[in-house]
2 protein chains.
Amino acid sequence: MQMTLTAPAPSHADIRSAGILASVRQAFLDKGFDGASMQDLARAAGISVGNFYRYFPSKAAIIQALIEHDADMVQRDFAAILTSDQPMATLRQVIRARVLGDACADDLALWTEVEAASRHSAEIAQAAQRMETEVLGNFLAVFAAETGLSLAQAHQRYSTTASFVLVMVKAASCLSCGAHIDHTAVRAMILASIDQALGQVAP
Amino acid sequence: MQMTLTAPAPSHADIRSAGILASVRQAFLDKGFDGASMQDLARAAGISVGNFYRYFPSKAAIIQALIEHDADMVQRDFAAILTSDQPMATLRQVIRARVLGDACADDLALWTEVEAASRHSAEIAQAAQRMETEVLGNFLAVFAAETGLSLAQAHQRYSTTASFVLVMVKAASCLSCGAHIDHTAVRAMILASIDQALGQVAP
DNA sequence: TTTCCCTGAATGAACGTTCATTCACACTGG
DNA sequence: CCAGTGTGAATGAACGTTCATTCAGGGAAA
């Protein structure tokens, strides 16, 4: 008997679903959750419309799966951060890469869409909020590890800092998606603000 | 003959259109640009579907008019700021109110939707970008007035600062629209970052 | 054959838009 | 005062299209 504490087994359908999700992401980015039709999604995934319903029961389910997939990725990133030698330093490095790098890349580009959709759909809002509290919790876990405080103490002292950092990272990610100006300097200012905030935790 | 340099005359239809726009805003907020149907909009405005097309040629035109209306409001705010005794101090005060106050109020609540829609519609992206450059230009005008520099010089020195402040104000506005946590402390941190950036212009 | 994956046409609902029609009312000639 | 006439605002049903979803069946592997 195998001990698998994480996932039971990545079945064939699960792998296929993940591939479909990856293909579908760009279509949602181009047209939005409401704007992208099932035919657009099918074309993007390279499968027929009907076949879609073998893997996802509805269009809404696709969106939810997409968000949860991203949440899993974030969770995995934080797992790596927390098990690294110096979690706080690693976190700073990851944040720096996110803010300065081409943040319009894969996962964060969908966030604008998710935030907008959260206003209209209670289910999406719930998924988005779950992801956000998850990230905040991971921030605080890093802070707790860095300072030696308990999670409760870290929450009490640094939850504002964590929220602030999250807001700033999101703000930086939404930058320059309209590709008109070079936002490098602005990104640097944002990163400076983040570093300043993180300095309150560990100077 | 009357000298009207601003608007020629607010015709009856124009007044009516403005009223319709105000009514329609909440419907768009509730369901999104794509999610709100013409029947939703008509119900919100208290008129029939067909009558809508007397005032706006298409659904897209309603959205564009909504954005341009908000742009006019912003322009009016900046006109008041620039003609005040101390433009820089007034600007700081307005920003403080926007960041700390209930920014989910009328105009800024639509911005999330606009940013998302900008990805899918070139026309909306254009309108949004026009509004953004307009705001940045006004920021720089205030900075120029404060420092005594020319507009070109102010642009060269402070355009990054202006972009940063705009990003921060937008970030603060998108906060706490999911009404789960009290973001007062986070707002205060954002305001502190903005004040710090503005301090580079006028200490 | 049975089983499984897949297709693309079919379906009814809902969409944005248009249109024939109705309504309220001001103005006229008597 | 009243019929007659013209006007523009307003309606809601109808149009063609597109949507999400379903389904009868094709074709390969076992």
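Here is how names work: the chains are called A, B, and so on, in the same order as the sequence lines, proteins then strands, and each is numbered from 1.
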Atom-to-atom span, CD1 of B:I47 to P of D:dT11 - whole angstrom:
7 Å

Without decimals, in angstroms, what is the distance between A:Y55 OH and C:dT7 C1'?
13 Å

Out of D:dT21, D:dG12, C:dT17, which nucleotide sits closest to the side chain of A:K59?
D:dT21

Can you tell me the distance, in whole Å, between the CZ atom of B:F56 and the C1' atom of C:dT17?
16 Å

Roughly how far, to the nearest 0.5 Å, is CE of A:M168 from OG of B:S193?
5.0 Å

So if I take every side-chain heavy atom of B:S48 and compare against C:dT7, C:dC5, D:dA10, which nucleotide ends up nearest?
D:dA10

Which donor-acceptor pairs under 3.5 Å do the side chains of residues 38-48 of chain B make with protein atoms, sequence neighbours left out?
unit_1	atom_1	unit_2	atom_2	d
B:D40	OD1	B:R43	NH1	3.3
B:D40	OD2	B:K31	NZ	3.4
B:D40	OD2	B:S37	N	3.0
B:D40	OD2	B:S37	OG	3.2
B:S48	OG	B:N51	N	3.3

Would you tell me if any nitrogen or oxygen in the side chain of B:R54 comes within less than 4.0 Å of OP1 or OP2 on D:dG8?
no

For C:dC5 and A:N51 - does any side-chain N or O of the residue sit under 4.0 Å from the phosphate oxygens OP1/OP2?
no

Which nucleotide in the list D:dA10, C:dG16, D:dT21 gets nearest to the side chain of A:Y53?
D:dT21

With nearest nucleotide decided by heavy atoms, which residue, B:G50 or A:D34, maps closer to the 5′ end of DNA chain D?
B:G50

Which of residues 36-45 of chain A have a heavy atom under 4.0 Å from DNA chain D?
A:A36, A:S37, A:M38

Should B:D70 and B:R25 count as an ion pair when the cut-off is N to O under 4.0 Å?
yes

Does the ring center of B:F78 lie less than 6.0 Å from the ring center of B:F139?
yes

Pair B:D30, A:R119 - check salt bridge (Lys or Arg N to Asp or Glu O under 4.0 Å), show working.
CA-CA 7 Å; B:D30 287 341; A:R119 295 179 165 283; over 6 Å; no

Given A:L91, which partner from the list A:V165, A:D77, A:I81, A:V201 fulfils the side chain to side chain contact (heavy atoms under 4.5 Å, CB included) test?
A:I81

Whole-Å distance, B:F52 CZ to D:dG12 P, equals 15 Å

